[in-house]
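Every number for a ligand or one of its atoms is a count from 1 in the order of the listing. Below, all heavy atoms of this structure are taken into account, side chains as well, without hydrogens, waters or symmetry copies. Positions are given from 1 along the sequence.
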Amino acid sequence: MIIVIIGAQWGDEGKGKVVDLLADRFDIVSRYQGGHNAGHSVYVGDRAFVLRLLPSGIIHEDKTCVLGNGMVIDPKAFFEEIDQIAEQGVEVSPERLKVSSRAHLIMPYHRALDHTSEERLGNEKIGTTLRGIGPAYEDKAGRRGIRVADAMSPEILKLRIERNLEEANRIIVLYGTQPLRADEILAEMTPLVERLRPFVCETSHFLAEARKAKKKILLEGAQATLLDVDHGTYPYVTSSNPTAGGASVGAGIPPHHITGVLGIVRTYATRVGEGPFPTEMLDTEEPIAHLIRERGNEYGSVTKRPRRCGWFDAVATRYAAELNGFDSIALTKLDVLDELDEIKVCVGYTINGERVDTFPAVSHDLRQIEPIYETLPGWKSDTLGITEFDRLPVNAQRYVRFLSEHVGVEIGLISTGPERDQTIILKDSVMEGWFTN
Ligand code: GDP
Ligand code: IMO
Ligand code: MG
């Protein structure tokens with residue numbers, strides 16, 4: 001069994017919590033795209049983990065985790081994270097963490113270029129995490145990137161750093177920043193790369209063998225559908241493919257071997273960074289946005305930036321369901337809406353007075369969208385930690401059913417708090433099958 005987990009909105013839907021929950025029933029958890037721009041929070045008892053590069057399954061010490069070929073890996077961030085979770089009592093050895101030889105490395109000049117690129121864009125900036133993600137993927141597509149396998153040869157590493165830095169420095173100095181030095185980068189990278197060596201693996205082969213041995217594999221998406229470089233709100237996107245097709249490419253798994261796709265959807269929407277957000281709460285709704293931000297702790301887990309908050313967008317989520325082929329949805333953060341009198345759901349769009357039923361490609365159009373809302377009554381009572389659907393207030397049940405009908409996919413899991421056991425698994429759902437098989 002191979003299941004892919006995908007964010008359906010603009011990220012931070014609660015993928016980490018759901019992966020951690022499901023990981024118990026799986027043998028291997030693999031990331032397939034992105035890098036340490038992700039921030040997946042997992043709470044286990046009194047321990048709080050924020051996973052950036054490592055799959056959220058790493059907390060389970062009997063699971064094997066994989067960093068797939070579609071990822072971009074900052075070696076420094078990789079070991080900082082390993083050391084951080086070791087401090088929290090989770091040991092990570094090369095036996096249970098495999099890094100693809102074909103993944104690309106993020107170098108210090110990628111970080112510098114992320115800064116200069118944002119500076120150049122000024123008001124049009126993307127609002128990236130400044131981790132060097134975009135420039136590393138640019139080098140990959142430009143066929144000059146440094147892959148993990150390349151870095152294992154000291155000569156190739158030196159040659160590529162020198163050659164790539166020459167070009168990077170031309171841009172860096174244009175912005176009045178000190179040029180970087182190849183010898184310093186090499187001195188920083190060499191010990192990190194040596195420490196990385198035992199983790200390096202032909203991960204697609206490893207996963208293929210695992211599948212043959214009937215091992216269960218969970219593919220953990222980072223970022224989300226609307227941040228996908230092909231399908232998202234371009235150019236306000238990340239530089240990888242978090243969508244389901246990206247899982248096949250980025251983990252090196254044949255598409256027909258994937259058994260199911262799980263969408264992670266919040267009961268409302270958020271966005272960090274710039275870019276269109278049709279259902280963003282208006283200034284007059286700031287008290288509600290404030291309430292949600294505080295109750296939902298909507299601050300970037302990596303950058304600590306306050307997240308922009310908005311109403312549930314059924315058009316965008318339906319688009320995500322169609323693109324990814326969601327078999328089931330995990331609906332997170334129901335409890336965050338507990339205090340609201342009324343809850344709005346966007347069920348359609350109009351642009352210049354015309355009804356639009358598909359998600360527009362052009363970000364200019366997306367900015368002009370007027371959402372068509374339906375307003376549902378709130379439930380005004382505590383749902384935190386409820387574990388059975390029938391125990392939810394009637395209006396909360398209604399809200400969940402309304403979202404499922406408008407997105408056209410079953411809701412198989414409802415999350416009622418950040419902890420593992422604050423979860424409802426819906427009976428007779430596809431999701432229940434994944435938990436019990
Ligand atoms: P990810 O990037 O998709 O893994 O999501 P993040 O970890 O960045 O953000 C989700 C935040 O919501 C984390 O702090 C989670 O612990 C928290 N969270 C997840 N599910 C729930 C829930 O059902 N209720 C509440 N209150 N918090 C949740
Ligand atoms: P998780 O996995 C939310 C956003 C950034 C920026 C855009 C491009 O925790 O859901 P990048 O640094 O990737 O080039 O930035 O994408 N972004 C995220 N937003 N959650 C994330 O990850 C994100 N990763 C990147 O804010 O708008
Ligand atoms: Mg996150």
Exercise for review: Please test S56 against D20 for side chain to side chain donor-acceptor pair (under 3.5 Å), starting from the C-alpha separation and ending with a verdict.
Suggested key: CA-CA 6 Å; S56 304; D20 172 63; over 6 Å; no
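- At a cut-off of 3.5 Å, with distance as the only test, no side-chain donor of Q422 or T416 sits close to an acceptor on the other residue.
- The aromatic ring centres of F312 and Y399 sit 6.0 Å or more apart.
- No side-chain donor from either of H104 and D139 sits under 3.5 Å from a side-chain acceptor of the other.
- Distances between N or O atoms of G16 and those of ligand 1 include at least one value under 3.5 Å.
- Among protein heavy atoms, the minimum distance from atom 27 (O) of ligand 2 is reached at V272 O, 3.2 Å.
- T270 and D12 share no side-chain donor-acceptor pair at under 3.5 Å.
- Inclusion of E13 in the set of residues having an N or O under 3.5 Å from an N or O of ligand 1 is warranted.
- At the top of the distance list for atom 25 (C) of ligand 2, counting protein heavy atoms only, stands Q223 CG, 3.7 Å.
- The pair R295-D338 meets the salt-bridge criterion, since a charged nitrogen lies less than 4.0 angstrom from a carboxylate oxygen.
- Using a 4.0 angstrom heavy-atom cutoff, G417 counts as in contact with ligand 1.
- Scanning V229, D12, I133 for the heavy atom closest to atom 20 (N) of ligand 2 points to D12.
- At a heavy-atom cutoff of 4.0 Å, ligand 2 is contacted by no atom of Y236, backbone or side chain.
- A donor-acceptor pair under 3.5 Å links the side-chain atoms of T116 to the main chain of L113, judged by distance alone.
- Screening T423, D335, L392, T383 for a side-chain contact (heavy atoms from CB on, under 4.5 Å) with I414, the sole residue that qualifies is L392.
- Under 4.0 angstrom from ligand 2, the non-hydrogen atoms of H40 all belong to its side chain.
- Interface atoms of ligand 2 facing W10, defined by a heavy-atom separation under 4.0 Å, are 3 (C), 19 (N).
- The part of V237 lying near ligand 2 is the backbone, judged by heavy-atom distances below 4.0 Å.
- Using a 3.5 Å distance cut-off with no hydrogens or angles, the side chains of D313 and T279 do not pair a donor with an acceptor.
- Looking at ligand 1, you'll find an N or O of G39 within less than 3.5 Å of one of its N or O atoms.
- Between the side chains of S204 and R102, not a single donor N or O lies within less than 3.5 Å of an accepting N or O.
- Between K17 and ligand 1, no N or O atom pair is found at a separation short of 3.5 Å.
- In summary, R163 and D150 do not engage in a salt bridge, as defined by a charged side-chain N under 4.0 Å from a carboxylate O.
- Among all non-hydrogen protein atoms, the one lying nearest atom 7 (O) of ligand 1 is S41 N, 2.8 Å.
- Note on ring orientation: taking the six-membered ring where Trp is involved, the planes of Y349 and F359 are tilted (angle from 30° to 60°).
- Distances between N or O atoms of G14 and those of ligand 1 include at least one value under 3.5 Å.
- Of all atoms in ligand 2, numbered sequentially from 1 with element shown, those under 4.0 Å from a heavy atom of A222 are 2 (O).
- Here atom 9 (O) of ligand 1 lies nearest to R307 when heavy atoms of E419, H40, Q422, R307 are compared.
- Looking from atom 23 (O) of ligand 1 to the surrounding protein, the closest heavy atom is S415 OG, 2.5 Å.
- The shell of residues lying under 4.0 angstrom from ligand 2, judged by heavy atoms, includes G39.
- Atom 5 (O) of ligand 1 has its nearest heavy-atom neighbour, among V18, D12, T267, L51, in D12.
- Nearest protein neighbour of atom 10 (O) of ligand 2, counting heavy atoms only, is K15 NZ, 2.7 Å.
- Protein heavy atom nearest atom 26 (N) of ligand 1, with residue, atom name and distance: D335 OD2, 2.8 Å.
- The environment of E166 atom CD is sparse: at most 12 non-hydrogen atoms of other residues, nucleotides or ligands sit within 6.0 angstrom.
- Ranking protein heavy atoms by distance to atom 16 (O) of ligand 1, first place goes to Y43 CE1, 3.0 Å.
- Residue-level proximity to ligand 2 for E13 is absent, since no heavy atom of it falls below 4.0 angstrom.
- The existence of a salt bridge linking K344 and E285 is confirmed by a sub-4.0 Å separation between a basic side-chain nitrogen and an acidic carboxylate oxygen.
- On a distance-only criterion, T332 and ligand 1 share no N/O pair closer than 3.5 Å.
- Looking at L227 against ligand 2, only its side chain comes within 4.0 Å, counting heavy atoms.
- Put simply, the angle at the Mg ion (ligand 3) from O in G39 to OD1 in D12 is close to 160°, to the nearest 10°.
- Using a 4.0 Å cut-off to heavy atoms of R305, the atoms of ligand 2 that qualify are 5 (C), 26 (O).
- The N/O atoms of N37, backbone and side chain alike, include one that comes under 3.5 Å of an N/O atom in ligand 2.
- A donor atom on one side chain and an acceptor atom on the other are found under 3.5 Å apart for T225 and N324.
- Summary of contacts: the protein heavy atom closest to atom 15 (O) of ligand 2 is T128 CA, 3.4 Å.
- A donor atom on one side chain and an acceptor atom on the other are not found under 3.5 Å apart for T332 and K17.
- Not a single N, O or S atom of A38, from either the backbone or the side chain, sits less than 2.8 Å from the Mg ion (ligand 3).
- For atom 28 (C) of ligand 1, the candidate residues are E220, R295, K333, R52; the nearest heavy-atom contact is made by K333.
- No side-chain heavy atom of M281 sits less than 4.5 Å from a side-chain heavy atom of R293.
- Judged purely by distance below 3.5 Å, without hydrogens or angles, the side chains of E80 and H36 never pair a donor atom with an acceptor atom.
- Remark: R308 is not positioned above the aromatic ring of Y236, lacking an NZ or CZ atom under 6.0 angstrom from the ring centre and at most 45 degrees off the axis.
- Nearest to atom 13 (O) of ligand 2 among the protein's heavy atoms is T238 OG1, 2.6 Å.
- Side-chain atoms of Y268 and E298, non-hydrogen and from C-beta on, do get closer than 4.5 Å to each other.
- Between I126, T129, V72, it is T129 that holds the heavy atom closest to atom 12 (O) of ligand 2.
- Every atom of ligand 2 is numbered from 1 in the order shown, and the set under 4.0 Å from a heavy atom of G127 is 5 (C), 6 (C), 26 (O), 27 (O).
- Atoms of ligand 1 lying under 4.0 Å from at least one heavy atom of V336, given by number and element, are 26 (N).
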